[in-house]
Student: 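Dumping the structure here so I can ask a few things about it.
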Number of protein chains: 2
Amino acid sequence: MRRDVTFRSVLKAVSREAGWEILRAVAEGPTRFTYLEKNARVSPRTLSERLKELTELGLIERVAYPEVPPRVEYTLTARGRTVIEILGALEEVL
Amino acid sequence: MRRDVTFRSVLKAVSREAGWEILRAVAEGPTRFTYLEKNARVSPRTLSERLKELTELGLIERVAYPEVPPRVEYTLTARGRTVIEILGALEEVL
DNA sequence: CAGGATCCAATTGGATACTG
DNA sequence: CAGTATCCAATTGGATCCTG
């Protein structure tokens with residue numbers, strides 16, 4: 001279920017709880033759920049929701065490895081990189 | 001009562017209901033309450049809140065003229081112009 | 001004209017416990 | 001490990017009516 005990738009929806013997602021932190025963490029390299037849970041100080045409920053949102057918006061990508069125990073990594077997409085760069089520029093000047 | 005002007009709070013304000021529309025309308029030139037109420041399709045309650053928020057964030061400025069009937073105009077600040085330009089660039093590429 | 005006050009419905013997110 | 005389910009409190013915004 002792909003959601004409409006509008007300017008507004010991207011802004012909303014990023015400005016929500018832990019949205020920006022998660023995006024930036026993933027931009028550093030493949031990132032896992034548990035790492036984010038600790039590092040972004042966010043409840044699993046919200047983290048899960050945010051990851052799904054950012055994925056549906058095409059800013060990050062979910063890759064699951066068929067291992068035991070399960071391993072899932074999130075990586076930045078090209079679109080995500082664009083968003084990071086532009087919003088990062090805004091963050092700089094504010 | 002000045003609120004902390006952080007990257008996050010600016011993103012939030014702009015991504016909220018009618019936030020971006022209001023900012024862009026004001027960027028066109030001095031803008032009045034009633035004009036925005038009709039043009040941004042927003043309830044007076046939300047419009048009032050958003051204007052206060054954008055003002056406290058230093059993105060727009062409120063100028064009241066001591067006339068009867070009262071006239072109030074909102075104009076863009078330099079900071080507001082910066083935000084418009086950067087976010088506008090993001091809107092372009094999405 | 002430019003809002004403020006009130007009431008209400010929907011959305012959002014924390015805490016916690018549980019599962020494939 | 002990577003989430004999901006549930007319950008609950010706070011936030012947000014529409015509709016409507018009122019006022020300096």
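Within every chain, numbering begins at 1; the chains are lettered A, B, ... in the order of the sequence lines, protein sequences first and strands thereafter. Any value given below was found using the heavy atoms of this structure, including those in side chains, with hydrogens, waters and symmetry copies removed.
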Student: Applying side chain to side chain contact (heavy atoms under 4.5 Å, CB included), name anything that partners B/Pro70, two or more places apart in sequence or on another chain.
Tutor: none
Student: Whole-Å distance between D/dG13 C1' and A/Arg8 CZ?
Tutor: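 Result: 13 Å.
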Student: With sequence neighbours left out, write down each residue that passes salt bridge (Lys or Arg N to Asp or Glu O under 4.0 Å) with A/Arg45, or none if nothing qualifies.
Tutor: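 In terms of salt bridge (Lys or Arg N to Asp or Glu O under 4.0 Å), with neighbours along the sequence ignored, A/Arg45 is linked to A/Glu49.
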Student: In whole angstrom, what separates B/Tyr65's OH from C/dG3's P?
Tutor: 13 Å
Student: Indicate yes or no for a side-chain donor-acceptor contact from B/Thr77 to the backbone of B/Thr75 under 3.5 Å, with no hydrogens or angles considered.
Tutor: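 Such a contact is absent between B/Thr77 side chain and B/Thr75 backbone.
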Student: What is the distance from CG of B/Leu54 to P of C/dG3, rounded to the nearest Å?
Tutor: 13 Å
Student: Return all side-chain donor-acceptor pairs below 3.5 angstrom for residues 85-94 of chain A, not counting sequence neighbours, or 'none' if the list is empty.
Tutor:
| residue | atom | partner | partner atom | Å |
| --- | --- | --- | --- | --- |
| A/Glu91 | OE1 | A/Trp20 | NE1 | 3.4 |
| A/Glu91 | OE1 | A/Arg24 | NH1 | 3.2 |
| A/Glu91 | OE2 | A/Trp20 | NE1 | 3.4 |

Student: Could you check how far CZ of A/Arg16 sits from C1' of D/dA10, rounded to whole Å?
Tutor: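 Roughly 15 Å, once rounded to whole Å.
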Student: Could you work out which one of D/dA2, C/dG13, C/dG3 sits closest to the side chain of B/Tyr74?
Tutor: C/dG3
Student: For A/Ala13, what residues pass the side chain to side chain contact (heavy atoms under 4.5 Å, CB included) criterion, not counting sequence neighbours?
Tutor: A/Glu53, A/Leu54, A/Leu57
Student: So which protein N/O to nucleotides 14-18 of chain C N/O distances come out below 3.5 Å?
Tutor:
| residue | atom | partner | partner atom | Å |
| --- | --- | --- | --- | --- |
| C/dG14 | OP2 | A/Ser43 | OG | 3.1 |
| C/dG14 | OP2 | A/Thr46 | OG1 | 2.4 |
| C/dG14 | O6 | A/Arg45 | NE | 3.0 |

Student: Of the listed nucleotides (D/dA2, D/dG13, C/dA2), which one gets closest to any side-chain atom of A/Val72?
Tutor: D/dA2
Student: Which heavy atom in B/Ser15 sits nearest to a heavy atom in A/Arg8, and how many Å separate them?
Tutor: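 In this case the closest contact between B/Ser15 and A/Arg8 is O-NE, 2.9 Å.
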Student: Among residues two or more places apart or on two chains, list those pairs meeting ring-ring contact (aromatic ring centres under 6.0 Å, His included) that have a residue in residues 47-94 of chain B.
Tutor: none
Student: Look at B/Arg32 and C/dA2 and indicate whether a side-chain polar atom (N or O) is within less than 4.0 Å of OP1 or OP2.
Tutor: yes
Student: Pick the closest DNA chain D nucleotide for B/Arg50 and for A/Glu73 by heavy atoms, then say which residue is nearer the 5' end.
Tutor: A/Glu73
Student: Could you go step by step and tell me if A/Arg50 and A/Glu21 meet the salt bridge (charged side-chain N to carboxylate O under 4.0 Å, His left out) rule?
Tutor: CA-CA 11 Å; A/Arg50 206 62 66 242; A/Glu21 288 77 3; over 6 Å; no
Student: According to side chain to side chain contact (heavy atoms under 4.5 Å, CB included), who are the partners of A/Val42, at least two apart in sequence or on a separate chain?
Tutor: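 Scan of A/Val42 (side chain to side chain contact (heavy atoms under 4.5 Å, CB included), adjacent residues dropped) gives A/Ala18, A/Ala40, A/Thr46, A/Leu47.
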Student: Taking CZ from B/Arg71 and C1' from C/dG3, how many angstroms apart are they, rounded to a whole number?
Tutor: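 Rounded to whole Å, this separation is 17 Å.
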Student: State which residues pass ring-ring contact (aromatic ring centres under 6.0 Å, His included) with A/Tyr35; sequence neighbours excluded, sorted by chain then number.
Tutor: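 Listed in chain order: nothing, the list is empty.
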Student: Rounded to whole angstrom units, what separation is found between the CD atom of B/Glu49 and the P atom of C/dT6?
Tutor: 15 Å
Student: What residues in residues 20-31 of chain A put a non-hydrogen atom under 4.0 Å from any atom of DNA chain C?
Tutor: none
Student: Please give, in whole Å, the distance from D/dA2 P to A/Lys52 NZ?
Tutor: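 Going from NZ in A/Lys52 over to P in D/dA2 covers 16 Å.
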Student: Between B/Ser48 and A/Pro70, just flag the one whose closest nucleotide in DNA chain C comes earlier from the 5' side.
Tutor: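 Nearest-nucleotide comparison on DNA chain C picks B/Ser48.
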Student: Whole angstrom is fine here: how far is it from CZ in A/Phe33 over to P in C/dT19?
Tutor: 17 Å
Student: Run the side chain to side chain contact (heavy atoms under 4.5 Å, CB included) test against B/Ala27 and tell me which residues pass, sequence neighbours left out.
Tutor: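 Side chain to side chain contact (heavy atoms under 4.5 Å, CB included) list for B/Ala27, sorted by chain: B/Leu76, B/Ile84.
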Student: Specify the angle, to 10°, made by the local axes at the two ends of the helix from C/dC1-D/dG20 to C/dG20-D/dC1 when five pairs are taken at each end.
Tutor: 60°
Student: Of all residues at least two apart in sequence or in a different chain, which pass the salt bridge (Lys or Arg N to Asp or Glu O under 4.0 Å) check with B/Glu17?
Tutor: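 Not a single residue meets the salt bridge (Lys or Arg N to Asp or Glu O under 4.0 Å) criterion with B/Glu17.
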